[in-house]
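Ligands are counted one by one from 1 in listed order, and the atoms in each one are counted from 1 as well. Heavy atoms only: backbone and side chains are in, while hydrogens, waters and symmetry mates are out.
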Amino acid sequence: MSIVMKFGGTSVADAAALENVASVVATEREAAPVVVVSAMSGVTDALLAATDIASLQEVFERHRSVSRALLEDDEAFAERLSSAEQEIAELLGAPAERPSERKRVQDAVVSFGEVLSSALLAELLNQHGIVARQVDARRCIITDEEHTNAAPLMTETFARSKSELLPLVESGVVPVLGGFIGATAQGVTTTLGRGGSDYTAALLGAALDVSEIQIWTDVTGVLTADPRVVPEAQTIERLSYSEAAELAYFGAKVLHPKTIQPAIESSIPVRICNSRAPQEAGTLVGPQSETSPRTVKAIAHKSGVTTVQITSLRMLGAYGFLRALFEVFDKHRTVVDVVTTSEVSVSLSLDDASALPAIVEDLERLGTVRVEPGRAIICVVGEGLRGTPGIAARVFSTISDINVTLISQGASSINFTFAIEEERVKEAVTRLHEEFFATKRHKRHRTEGKV
Ligand code: ASP
Ligand code: MG
């Protein structure tokens with residue numbers, strides 16, 4: 001059994017970061033790793049923004065200087081780089097007319113970020129005595145033709161990944177692939193959508209049925225709260241897939257549920273590791289949560305939220321009302337996050353209030369509308385909430401002097417979410433963290449003392 005190790009853009013951003021990746025891979029050599037890398041940080045953005053080859057000189061120069069600094073023999077990579085430069089120049093030089101054509105070209109251009117970073121890393125690993133080979137991800141990840149946001153064809157992807165990678169792994173070679181990119185069955189380059197390297201890692205992990213998928217990033221796993229608000233926030237050792245999904249909304253640092261879907265379906269654990277502190281265990285996300293349930297896993301929050309309340313007597317005993325209401329948000333392409341309803345009113349929260357004036361105008365046809373900007377959402381997450389009575393009471397008594405609106409216990413019953421005034425969010429999160437984490441630590445010490 002092997003493992004997948006995925007390194008994000010900041011982990012391969014410069015020579016020092018790449019050296020660090022090589023040493024991290026070396027420590028896992030026994031586990032037969034398959035390595036997936038993002039483009040160097042900023043490169044995907046630069047490639048997406050490029051209109052001509054001149055605007056990319058900085059990108060090429062960055063790769064050139066990193067390879068010079070790292071590789072004893074950088075000739076092969078230098079050649080790879082100049083052929084990439086030529087190919088990109090050709091792609092950019094023939095402007096596409098049709099939008100579908102434009103997306104196809106865009107995928108072809110942007111794929112070079114991962115092609116180059118994986119080539120560079122493979123060379124570096126070899127130089128470190130780790131027998132590695134760059135494998136073109138387009139031979140493994142087979143997708144539909146939805147350019148810039150392609151969906152993998154699972155059967156083909158699994159079969160191809162196995163036939164491309166297993167022989168290498170079995171003979172002790174470390175395959176190094178660029179994440180994010182794939183190809184149609186006809187071999188045309190596609191991409192899986194922004195941040196897609198995690199998805200590549202999960203796909204390969206599922207295809208090869210690995211024992212663990214490691215996502216290496218620059219934070220120490222998932223924390224019990226936002227460390228900018230609660231400096232004593234701790235790394236959560238274990239999360240269930242559902243807990244991780246609930247937390248995903250609150251911070252980009254947590255895995256996107258969609259990206260780890262293949263891992264979830266195969267029950268493969270995903271570990272979030274910190275490449276700046278590789279000796280730390282990070283957070284393990286898996287089918288089960290901790291065996292000794294710690295009731296609350298995290299106190300997440302999000303500021304800059306607007307809440308909207310619609311009250312209408314017409315709602316009472318009527319059907320079709322909720323549909324009419326949500327059609328308004330649909331029409332204005334606005335995402336609704338938390339929703340709560342009573343007999344005659346619906347409250348909901350929005351991150352993006354840019355279409356609000358138009359939304360309110362439409363909603364007023366349905367009932368009385370009250371808008372409250374400047375709110376924050378706090379979310380208490382934990383599998384242990386299911387069937388642990390008194391959590392809500394504990395939450396509210398901890399912040400009893402703060403006005404709480406829009407209370408919702410998620411349908412999965414592993415989260416408890418509510419809105420407060422934005423100005424008081426730091427205070428509320430700090431106090432809740434203290435209540436659910438600091439006291440717990442003291443309690444544990446006390447019992448330990450007794451034993
Ligand atoms: N390089 C791609 C991006 O920036 C994919 C990734 O990093 O996951 O979106
Ligand atoms: Mg990323």
Side-chain angles (χ1 to χ4, degrees), residues 4-14 17-18 20-21 24 34-50 55-56 58-60 62-63 66 81 84 88 91 103-122 134-138 140-141 143 146-152 157 161 175-183 189-206 213-219 222 244 248 251-263 270-276 285:
V4 168
M5 305 177 83
K6 179 259 168 177
F7 295 90
T10 51
S11 303
V12 295
D14 53 34
L18 275 154
N20 185 47
V21 168
V24 171
V34 171
V35 175
V36 176
V37 276
S38 291
M40 289 179 171
S41 62
V43 167
T44 302
D45 289 330
L47 289 168
L48 285 174
S55 60
L56 287 171
E58 216 182 296
V59 166
F60 297 120
R62 211 170 128 206
H63 284 86
V66 169
L81 195 57
I88 296 173
L91 286 162
K103 283 188 170 183
R104 195 182 60 76
V105 172
Q106 193 188 88
D107 274 351
V109 170
V110 82
S111 69
F112 282 97
E114 271 73 10
V115 167
L116 292 172
S117 63
S118 56
L120 194 53
L121 181 61
Q134 183 194 23
V135 174
D136 192 327
R138 290 168 287 198
C140 299
I141 309 294
T143 73
E146 188 67 39
H147 284 284
T148 72
N149 194 23
T157 296
S161 300
V176 182
L177 299 94
F180 176 55
I181 61 180
T189 301
T190 54
T191 59
L192 303 176
R194 294 306 306 268
S197 293
D198 289 352
Y199 197 22
T200 305
L203 287 166
L204 297 178
I213 296 163
Q214 299 177 348
I215 305 290
W216 289 82
T217 170
D218 56 358
V219 294
V222 183
K253 297 285 186 202
V254 186
L255 298 170
H256 193 290
K258 179 196 148 199
T259 65
I260 61 164
Q261 194 56 36
V270 179
R271 190 183 291 281
I272 303 163
C273 308
N274 185 352
S275 38
R276 292 190 196 146
V285 183

Okay, side chain of S275, backbone of T217: is any donor-acceptor separation there less than 3.5 Å?
yes

Does any pair with a residue in residues 107-116 pass side-chain hydrogen bond (donor to acceptor under 3.5 Å, both in side chains), and if so which ones, sequence neighbours excluded?
D107-H147, D107-T191

Between K258 and D198, is there a salt bridge with N-O shorter than 4.0 Å?
no

Using side-chain hydrogen bond (donor to acceptor under 3.5 Å, both in side chains) as the criterion, list what pairs up with T259, not counting sequence neighbours.
none

Does ligand 1 come near enough to S38 that some N or O of the ligand is less than 3.5 Å from an N or O of the residue?
yes

K6 versus ligand 1: do any nitrogen or oxygen atoms come within less than 3.5 Å of each other?
no

More than 12 non-hydrogen atoms from neighbouring residues, nucleotides or ligands closer than 6.0 Å to CZ on R62, yes or no?
yes

Between ligand 1 and G113, can you find any atom pair, the residue atom being a heavy atom, that is separated by under 4.0 Å?
no

Per-atom contacts, ligand 1 versus E114 - under 4.0 Å to a heavy atom
1 (N), 2 (C), 5 (C)

Please list, in number order, the atoms of ligand 1 under 4.0 Å from a heavy atom of R194.
3 (C), 4 (O), 9 (O)

Has G195 got any heavy atom lying under 4.0 angstrom from an atom of ligand 1?
yes

